[in-house]
Undergrad: 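Handing you this structure, nothing more for now.
The first residue in the sequence is number 1, and the count goes up from there. Any value given below was found using the heavy atoms of this structure, including those in side chains, with hydrogens, waters and symmetry copies removed.
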Amino acid sequence: MKKGGYFQKKKLTFFAFVLPGAVFMAVMIIYPIIYNIVMSFKDVNIMNFATGDSKFIGLSMYKDILHDKVTWIAIKNTLLFTVWCLLFQFPIGFAMALFFSKRFKLAPTLRGINVIAWMIPMVAVAGVFKYMFNSDVGIVNRILMGLHLISSPVEWLAHGNTALAAIVVANIWKGVPFNMILLATALTTLPADIYESASIDGANKFQQFFLLTVPLLKPAIISVLTLGFIYTFKVFDLVYVMTGGGPGSATEMLSTLAYRYSFAEYNFSQGAAIANVLFVLLMIVGFFYIHITLKEDKEDVG
C-alpha cells in the first residue's frame, strides 16, 4: 500500500469515529443553544409558537427580566445555594477521600457504598428528602424532637429559610461522593517518596497535608470546585421536586424560573432569556477555569 493511501485511510477512519459524536453535539447541544438565543430576541408565546410568526424585539426581553425583581431573587438564591453546598460538600468529600485512601480492610466496601448516593437519580433523592423533611411524618422532625432540640414539628418546606436549608442538605448528601471520588483518585497519583522524605526531615502529618498534599492536589481541587460549582449552579430537578421554587420565590433558582416562564406561563422568550443568563454565568466560570488551568500549565513549564 502506498504511503499516501495509508494516511488517507487513517484520515477516513478518524472522521468515521469523530462524525457520530460531532453530529450528536450539533443536534443535541449546539442547535438548541443557538435556537434558544434566537428565541430570546423574539416575542414567542403560546399563541404564535406553532405558527412561527413571532416578531423580532431585540433586547427588550433581557431588559424586562433584568428589571424584574424575581430574576434577582433567583440569581441570589442560586448563588447562595451553590456557595453553601460547596462550603460543606467539598471539605466533607476531601476528608472522606483522605480517610478512604488509608489502607484498611473495609475501605473499598465503604467507598463503594458511598458511591451509591452519587448513582441514585436526583429525582429519587429529592423525593426521599422531601419525605424526610415532611412536617407530619418526616424523620428529621422525629429525630430532633427525640433529642429535645425542638418542641414541636417544624414545617421545613413551608418557610423560606428552612426550605432553602433543606434543599442544601439534600444536595450536599448527593454531591459529597462526587467530590470524594475525584479527590480520592487524585490522591492515588501522589508520589509516596515525597512523604517519606518529609517524615525523615521531621514534618508531622499536618505539615505534610498543608505543605505537600494540598499544593500537589491544586489542579484536582480547582477541577472539583469548578465542576461542583457548575453542577450545583444549574440544579433543577432537586429544587423542582422538593419545593417547586417556593414558598413564594424563596427557593426559586434560575433553572426553575426559566422552566416556569416557558412551561407554566408559556412565555417561551422570557424563559429563553433566563436560560441564556444562566448559560452566560456558567460560561464565565468555565473561562475562569480555563484561565487558571493555562496559567498553572505555564508555571509548570516555566
Undergrad: Could you grab the distance from atom CG of L157 to atom NZ of K130, nearest 0.5 Å is fine?
TA: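 These two atoms lie 7.5 Å from each other.
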Undergrad: Calculate, to the nearest 0.5 Å, the distance between atoms CD and CG belonging to Q270 and L257 respectively.
TA: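 Taking CD in Q270 and CG in L257, the distance rounds to 7.5 Å.
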Undergrad: Grab the two heavy atoms, one from S262 and one from A272, that are nearest each other, plus how far apart they are.
TA: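 In this case the closest contact between S262 and A272 is OG-N, 4.2 Å.
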Undergrad: If you define the side chain from C-beta out and look only at heavy atoms, does anything of I230 sit under 4.5 Å from T226?
TA: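 With C-beta onward as the side chain, the pair touches.
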Undergrad: Any chance you could lay out the side chain to side chain contact (heavy atoms under 4.5 Å, CB included) test for F94 and V224, step after step, and finish with the verdict?
TA: CA-CA 10 Å; F94 201 169; V224 170; over 6 Å; no
Undergrad: Indicate, with yes or no, if Y131 and I143 share a hydrophobic cluster defined by side-chain heavy-atom contacts under 4.5 Å among Ile, Leu, Val, Met, Phe, Trp and Tyr.
TA: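 No, separate clusters.
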Undergrad: Hey, are the side chains of V176 and F88 touching, using non-hydrogen atoms and a 4.5 Å cut-off?
TA: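 Side chain of V176 against side chain of F88, heavy atoms only: no contact under 4.5 Å found.
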Undergrad: Taking atom CZ as the centre, does F17 end up with more than 12 heavy-atom neighbours from other residues, nucleotides or ligands that are less than 6.0 angstrom away?
TA: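 No, because the 6.0 Å sphere around CZ of F17 holds 12 heavy atoms or fewer from other groups.
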Undergrad: Looking only at heavy atoms, which two atoms of N45 and N48 are closest? And how far apart?
TA: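 So the two residues come closest at N-OD1, 2.9 Å.
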Undergrad: Are I34 and V27 connected in a single hydrophobic cluster, I mean Ile/Leu/Val/Met/Phe/Trp/Tyr linked by side-chain heavy atoms less than 4.5 Å apart?
TA: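 No.
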Undergrad: Return the minimal non-hydrogen interatomic distance between T251 and G160, and the atom names on each side.
TA: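 Between these two residues, the closest heavy atoms are CG2-O, 4.5 Å.
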Undergrad: How about V169 and M132: do any of their side-chain heavy atoms sit closer than 4.5 Å?
TA: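 Not touching, per the 4.5 Å side-chain cut-off.
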Undergrad: Under 4.5 Å between any side-chain heavy atoms of I274 and I65, yes or no?
TA: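 SC-SC contact between I274 and I65 confirmed.
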Undergrad: Taking all heavy atoms of A198 and all of Q208, pick out the closest pair and write down the distance.
TA: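 Closest pair (atom of A198, atom of Q208, distance): CB-CG, 4.1 Å.
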Undergrad: Contact between V115 and M180 at the side-chain level, heavy atoms closer than 4.5 Å - yes or no?
TA: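 In contact.
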Undergrad: I'd like to know whether L238 forms a side chain to side chain contact (heavy atoms under 4.5 Å, CB included) with F129, so could you lay out the CA-CA distance, the side-chain angles of the two residues, the decisive distance to 0.1 Å, and finally the verdict.
TA: CA-CA 9 Å; L238 177 69; F129 274 88; 5.8 Å; no
Undergrad: Any side-chain heavy atom of L98 within less than 4.5 Å of one from F209?
TA: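 Yes. Closest side-chain heavy atoms under 4.5 Å.
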Undergrad: Do any N or O atoms from the side chain of W72 and from the backbone of L66 form a donor-acceptor pair under 3.5 angstrom?
TA: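 Yes, because the side chain of W72 sits within donor-acceptor range (under 3.5 Å) of the backbone of L66.
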Undergrad: Within a 6.0 Å radius of atom CE on M25, are there more than 12 heavy atoms belonging to other residues, nucleotides or ligands?
TA: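 Atom CE in M25 is not packed in, count stays at 12 or less.
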Undergrad: Shortest non-hydrogen contact from E265 to Y261?
TA: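 The pair with the smallest heavy-atom distance is OE1-CD2, 3.4 Å.
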Undergrad: Mind checking the CZ-CG spacing from F24 to L19? Nearest 0.5 Å is all I need.
TA: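 Reported to 0.5 Å precision, the distance equals 14.0 Å.
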Undergrad: Should the heavy atoms of other residues, nucleotides or ligands under 6.0 Å from CH2 of W84 be counted, would the total exceed 12?
TA: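 No, not enclosed.
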Undergrad: Relative to the ring of F133, is the ring of W156 parallel (under 30°), tilted (30 to 60°) or perpendicular (over 60°)?
TA: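 Perpendicular: the ring planes of W156 and F133 meet at over 60°.
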Undergrad: Just wondering, more than 12 heavy atoms not from L80 lying within 6.0 Å of its CG?
TA: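 It does: L80 CG has more than 12 such atoms within range.
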Undergrad: If every non-hydrogen atom of S269 is compared with every non-hydrogen atom of M39, which pair is closest and at what distance?
TA: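 The answer is OG-O, 3.2 Å.
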Undergrad: Quick one: are I167 and M253 in side-chain contact, heavy atoms under 4.5 Å?
TA: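 Yes, side chains in contact.
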Undergrad: Establish whether V123 and V239 are linked, either directly or via other cluster members, by ILVMFWY side-chain heavy-atom contacts under 4.5 Å.
TA: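 The answer is no; the residues belong to distinct hydrophobic clusters.
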Undergrad: Kindly indicate, with the supporting measurements, whether the criterion side chain to side chain contact (heavy atoms under 4.5 Å, CB included) is fulfilled by N171 and Q89.
TA: CA-CA 9 Å; N171 195 73; Q89 68 186 24; 3.7 Å; yes
Undergrad: For the hydrophobic clusters of this structure (ILVMFWY residues joined by side-chain heavy atoms under 4.5 Å, transitively), does one cluster hold both I120 and V241?
TA: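 Looking at the clustering, V241 is in a separate group from I120.
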Undergrad: Name the orientation class of the two ring planes belonging to F236 and Y259 (parallel below 30°, tilted from 30 to 60°, perpendicular beyond 60°).
TA: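 Plane angle between 30° and 60°, so tilted.
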Undergrad: Taking the side chain as every heavy atom from C-beta outward, state whether S135 and N141 have any atom pair closer than 4.5 Å.
TA: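 S135 vs N141: side chains touch.
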Undergrad: Taking the six-membered ring for Trp, is the centroid-to-centroid distance between Y289 and F229 below 6.0 Å?
TA: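 Between Y289 and F229, the centre distance exceeds or equals 6.0 Å.
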Undergrad: To the nearest 0.5 Å, what is the distance between CG (N267) and CD1 (I46)?
TA: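 Here the interatomic distance stands at 11.0 Å.
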Undergrad: Looking at I73, N77, T78, L79, which hits side chain to side chain contact (heavy atoms under 4.5 Å, CB included) with I75?
TA: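 That would be L79.
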Undergrad: Answer yes or no: does atom CG of D53 have more than 12 heavy-atom neighbours from other residues, nucleotides or ligands under 6.0 Å?
TA: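 Counting neighbours around CG of D53, more than 12 heavy atoms of other residues, nucleotides or ligands fall under 6.0 Å, so yes.
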Undergrad: Which ILVMFWY residues are connected to I200, directly or by a chain of links, through side-chain heavy atoms under 4.5 Å apart?
TA: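 I200 shares its hydrophobic cluster with no other residue.
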Undergrad: Report yes if the distance between the aromatic ring centroids of Y62 and F41 is under 6.0 Å, otherwise no.
TA: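 Yes; F41 has its ring centre under 6.0 Å from that of Y62.
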Undergrad: Taking distance alone, no hydrogens or angles, what donor-acceptor pairs closer than 3.5 Å link side-chain atoms of residues 186-194 to residues at least two apart or in another chain?
TA:
unit_1	atom_1	unit_2	atom_2	d
T188	OG1	T185	O	2.5
T189	OG1	A186	O	2.6

Undergrad: Where the side chain of N204 meets the backbone of F206, is there a donor-acceptor pair that is under 3.5 Å apart?
TA: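 Such a contact is found between N204 side chain and F206 backbone.
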Undergrad: Please determine whether residues Y35 and M61 belong to a single hydrophobic cluster, defined as Ile, Leu, Val, Met, Phe, Trp and Tyr linked transitively by side-chain heavy-atom distances below 4.5 Å.
TA: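 Looking at the clustering, M61 is in a separate group from Y35.
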